[in-house]
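Working notes, beginning with the structure itself.
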Amino acid sequence: MGTTNRTHPRDYVDAVTPRTALIMKVHTSNYVVRGFTATVDESALAEIAHRAGVPLAIDLGSGSLVDLASYGLPREPSPQEALARGADVVTFSGDKLLGGPQAGLIVGSRACIGRIRKHPLKRALRTSKLTLAALEASLALYRHPETLAERLPTLRLLTRPRKEIAELAERVAPAVARTVGERFVVERSDVQSQIGSGSLPAEVLPSAGLVIRCRSGRKSCGRELQALAASLRALPIPVIGRIADGALILDLRALTDETAFVGQLPKLGRPATL
Ligand SMILES: *Cc1c(COP(=O)(O)O)cnc(C)c1O
């Protein structure tokens, strides 16, 4: 129906047949469509679905339960809004912006949730007690919005001030340079955090970190950086960087235990010479 970049109410109306059981809209969690675009807003979609006698399901992917804009972050649609606009079923993840354990959440009208509950697949896909306990603990933090940014690690790290991260980079850079300095140049630098994980694909947050480059401009530099990245990942507490523009970038936004980070550096195996 329509095209990949432009869809209109008519496309949905024309696509409905007696065999249609559901209209589903999936949020563009990890890509953006820019330029000559048109989408059908959710209220209009709900009206089309209900007129056709079928439910509207919206898969939000991430789905933030709080207004991220009030924390100075980019906006992400919420399950509450989707329901208010007439969706019968809304699905979202427990472990993306919600900040809880890996789990899929289904919310919606009593009638739809009742049907899902009775379906045999529901039993096959039901979650474990440990996941439920972790999810409950995460959701309980939302009862106290005033302390959420402090107590929910996901939100705490997303709202971590750039200055604080820059100071952290300043403090740990010498230790990293001592460990890998023979072969690599370690520089503190402003970097950009990608929120990722199926949310806000086009948005980045100003952050700070270490940018590690090869001392020599040898051809093998790419492989040396790969080897260093692999040995960092193999540390007792894995350190995960990304390689871009000929450098290994360690964004320090998510580093909270500075002592442990520095303390395990001597365990960094000397990357194999390639
Ligand atoms: C992430 C994502 C999912 C899957 O959610 P998980 O609970 O993480 O498996 C589904 N749909 C969309 C649009 C997503 O972004």
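We count ligands from 1, going down the list as the structure has it; atoms in each ligand are counted the same way.
Between Arg213 and Glu187 there is a salt bridge, since at least one side-chain N of the basic residue sits less than 4.0 Å from a carboxylate O of the acidic one. Using a cut-off of 4.0 Å between Lys/Arg side-chain N and Asp/Glu carboxylate O, Glu150 and Arg156 are scored as not salt-bridged.
Geometrically, ligand 1 and His27 share no nitrogen or oxygen pair separated by less than 3.5 Å. For ligand 1, one of its N or O atoms has an N or O atom of Asp59 under 3.5 Å away.
By the criterion of a heavy-atom distance under 4.0 Å, the side chain of Gln102, and not its backbone, is placed next to ligand 1. Residue contacts with ligand 1, taken as heavy atom pairs separated by less than 4.0 Å, involve Asp95 solely via side-chain atoms from C-beta onward.
With sequence neighbours excluded, no residue forms a salt bridge (Lys or Arg N to Asp or Glu O under 4.0 Å) with Arg233.
A heavy-atom separation below 4.0 Å is found between Ala103 and ligand 1.
In summary, the atoms of ligand 1 found under 4.0 Å from a heavy atom of Val26, numbered by their order in the structure, are 13 (C).
Ile58 is connected to Ile23 through a chain of hydrophobic side-chain contacts under 4.5 Å among Ile, Leu, Val, Met, Phe, Trp and Tyr, so both are in one cluster.
In this structure, CD in Glu42 is found 9.0 Å from NE2 in His27, a value given to the nearest 0.5 Å.
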